[in-house]
Amino acid sequence: MMKKSICILLTVMMMLGTVQGITETMENLPAVLQQATVLREGDRGEAVTALQLRLAELHYTQTETDGVYGPGTTEAVFQFQVRNGLLKTGMADRITLETLFSENAVPERQESETLTGLYEEEAETGMAFPSMTWFFPAQNKAMTSESFDAAAGWVDEGWFTTNEYSAFSDNRFKSTRTSPLSTFAAEVDTASYAHLRRAILEGRIPPADAVRVEEMLNYFHYTYNRPQNGEPFGVTMEVGDCPWNDQTRLLLIGLQAEEVQMEKDLGQNLVFLIDTSGSMDGADRLDLVKRAFLLLLDTLDAEDTVSIVTYASSERVVLEGVRAGEKTRIMDAITGLFAAGSTNGSAGIVKAYEVAEKYLIPGGVNRILLATDGDLNVGTTSEGELARLVMDKKQGGVTLTVMGFGYGNYKDNKMEALALYGDGTYWYIDTIHEARRALVTEAGGKFATVAKDVKIQVDFNPAVIKGYRLIGYEDRLLAAEDFADDTVDGGEIGSGHRVTALYEIVPAGSAFDLGTAESRYTEPQSTEESSEWLTVSIRAKEPGSDTSKLYTYPLTAQAAEAPATENLQFAAAVAEVAMVLRNSPYKGTSSYEKALELLRNCESTLGDTYKEEFLYLVTQLSRAE
């Protein structure tokens, strides 16, 4: 009993420390920083001076305090963010400022500290992952972005780890004369971007197959049309110049789901399915999993149902059908978990579905939240077998959210397959902030589904567009005939979620060579002007329904010629970075520098923490190039 009480006390202290470090009141900030939202390189004034003084006090800088936010201040802020488990941008956003001036701010380690000491401290404080010195044990002090490049260069992780990713080739150009219909399943996964971010911040170039451009595009917020006339989502279309190919243009298609309010009497039936095998031992694995679920627990309604299933060498039901209001009991169960044994993930998945079906709430949210590194080595282990397993189990009305943790022997391919065939979503969680984004900010503490089996079909008018290439969604492509077939799965879209798709299109008058195969039976296309460029058709099922509804949205010539917004500009920059990382055969003149130019000219980047972070990542890639 005493042991349990201590575990509970430590957990409460940890949660309070996390909240204090992130949401500490404004009173702790100096007066000159009370109104500051973000400070960045190039800023000047008293606010920067206050920032520099605090950084010096915590030993992150020894340079002169001059009130100028230069490269030295950027590096000091970056190292502070590394040390304190914050988003690593080098820019002092609100969360960074509040943490910096809090009592819990972690000072820079001194020269006498060893790497072993650093790991012990990070394990005690629950830091999500170590600094860039993780890959270079000989270095006892944190490396700056410049010294990192000079000391060792960037590491191609292909030979460095046993991580696994599904191989794929970029979508090619298609002729509208032979393939006027482009069909794919909607997707809101973002795991690839979070995984890529971690790699870059740790000085690694991710392998090409880890870079999925649609998951990078979908990570960010855009200004899309809101739903109207009772439809489940609003649709935005924009056309603009293609930065990497002057013979083509870009088409952006954006879906914005409505934000739904769950009825109080329905509630949620959640099963926390947690991998507790030996490979999950570590601060960025099981320790972070615990913190993530404790964070989620705090957002649940008292009447929501929570169950906990774990798996290692075998599966175990830790809690079953407990009301979320019994927080002490649930917290005790979560904090008491430890990592050991092999990984019989399939047994855990089967048991989790059994528990979820036992407490099924008709019309409510019934979801399994799987937390794992994907290293399944006992029982059903192949992608194909796992896919068939969840395809069979999902028929009972239970959906699946997959959350990946850790790095090294990380099985991205298996987790992607589970989410894809389990009608679920896939997140990669590398920090407590990403956990907050996935489980609280994006889900709002709820996991309501707005539409399921969502499929998108674009019908291109050959008189206006002679060819196209869908950028990304390689593993979500469907046959044209699958669009109206309600037995073929699409994607799930949750409350408030967004879907972004980008096409590179070839205008009818372009000199771009598609290498089109001719048929003597192909009808020649009319050269008369058309009022429509294309039509976007969407099929989606309401939650609980097995029959899809059809929604159509034509793009007229007038709408296509309207000036593109920063939505398209930012998406184009993301696509450029992805194509360079993949060394895509279609990258044209793409480069990190060109992507940076697009990003710097986007006003929407400033003030958006995630977009600013992306700007920082691309800057690091450009420096290392």
Can you give each donor-acceptor pair under 3.5 Å made by side-chain atoms of residues 549-558, sequence neighbours left out, with the distance rounded to 0.1 Å?
unit_1	atom_1	unit_2	atom_2	d
K549	NZ	E542	OE2	2.9
Y553	OH	E231	OE1	2.6
T556	OG1	A559	N	3.2

Pairs under 3.5 angstrom only: tabulate donor-acceptor contacts from the side chains of residues 599-607 to other protein residues two or more places apart or in another chain.
unit_1	atom_1	unit_2	atom_2	d
N601	ND2	E597	O	3.0
S604	OG	E566	OE1	3.0
T605	OG1	L599	O	3.3
T605	OG1	C602	O	3.4

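A donor-acceptor contact shorter than 3.5 Å links the side chain of S510 to the backbone of Q247. Checking side-chain atoms of R436 against main-chain N and O of T441 turns up no donor-acceptor pair under 3.5 Å. Of the possible donor and acceptor atoms, one in the side chain of Q457 sits under 3.5 Å from a partner among the backbone N and O of A480. Side-chain atoms of S622 never come within 3.5 Å of backbone atoms of Y592 as a donor-acceptor pair (strictly under, hydrogens ignored).
Rounding to the nearest 0.5 angstrom, the gap separating the CD1 atom in I465 from the OG1 atom in T248 is 11.5 Å. In this structure, E576 CD and L598 CG are separated by 5.5 Å, a value rounded to the nearest 0.5 Å. Note that the CE atom of M579 and the CD1 atom of I471 stand 5.5 Å from one another [nearest 0.5 Å]. One distance of note links SG of C242 with CG of L568; it measures 9.5 Å at 0.5 Å rounding.
Every residue meeting the side-chain contact (heavy atoms from CB on, under 4.5 Å) condition with K541, not counting sequence neighbours, appears here in chain and number order: K452, D453, D486, S548. Listed by chain and number, the residues in a salt bridge (charged side-chain N to carboxylate O under 4.0 Å, His left out) with E215 are R212 (sequence neighbours excluded). Every salt bridge (charged side-chain N to carboxylate O under 4.0 Å, His left out) that R476 has, sequence neighbours left out, goes to E187, D189. Remark: R197 pairs with D430, E434, E613 by the salt bridge (charged side-chain N to carboxylate O under 4.0 Å, His left out) rule, at least two apart or across chains.
Between the side chains of Q256 and T236, no donor-acceptor pair is found at a separation under 3.5 Å. Looking at Y224 and T500, their side chains do bring a donor and an acceptor atom within 3.5 Å of each other.
Smallest separation of non-hydrogen atoms from S590 and W244: OG-CB, 3.2 Å. Listed here is the closest heavy atom pair of E259 and S495: CA-OG, 3.3 Å. When all heavy atoms of L478 and A185 are compared, the pair lying nearest together is CD1-N, 3.9 Å.
Ion pairing of K455 with D482 is absent here, as no side-chain N (NZ or NE/NH1/NH2) approaches a carboxylate O to less than 4.0 Å.
Ring geometry for Y193 against F220 counts as perpendicular: the plane angle is over 60°, on a 0 to 90° scale with 30° as the lower cut.
The distance between the ring centers of Y219 and F614 does not fall below 6.0 angstrom.
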Dump the intermediate steps for side-chain hydrogen bond (donor to acceptor under 3.5 Å, both in side chains) on S182 and Y503, then the final yes or no.
CA-CA 10 Å; S182 173; Y503 280 90; 2.6 Å; yes

Take D412 and Y428 through the test side-chain hydrogen bond (donor to acceptor under 3.5 Å, both in side chains) and record every step on the way to the result.
CA-CA 9 Å; D412 174 85; Y428 177 71; over 6 Å; no

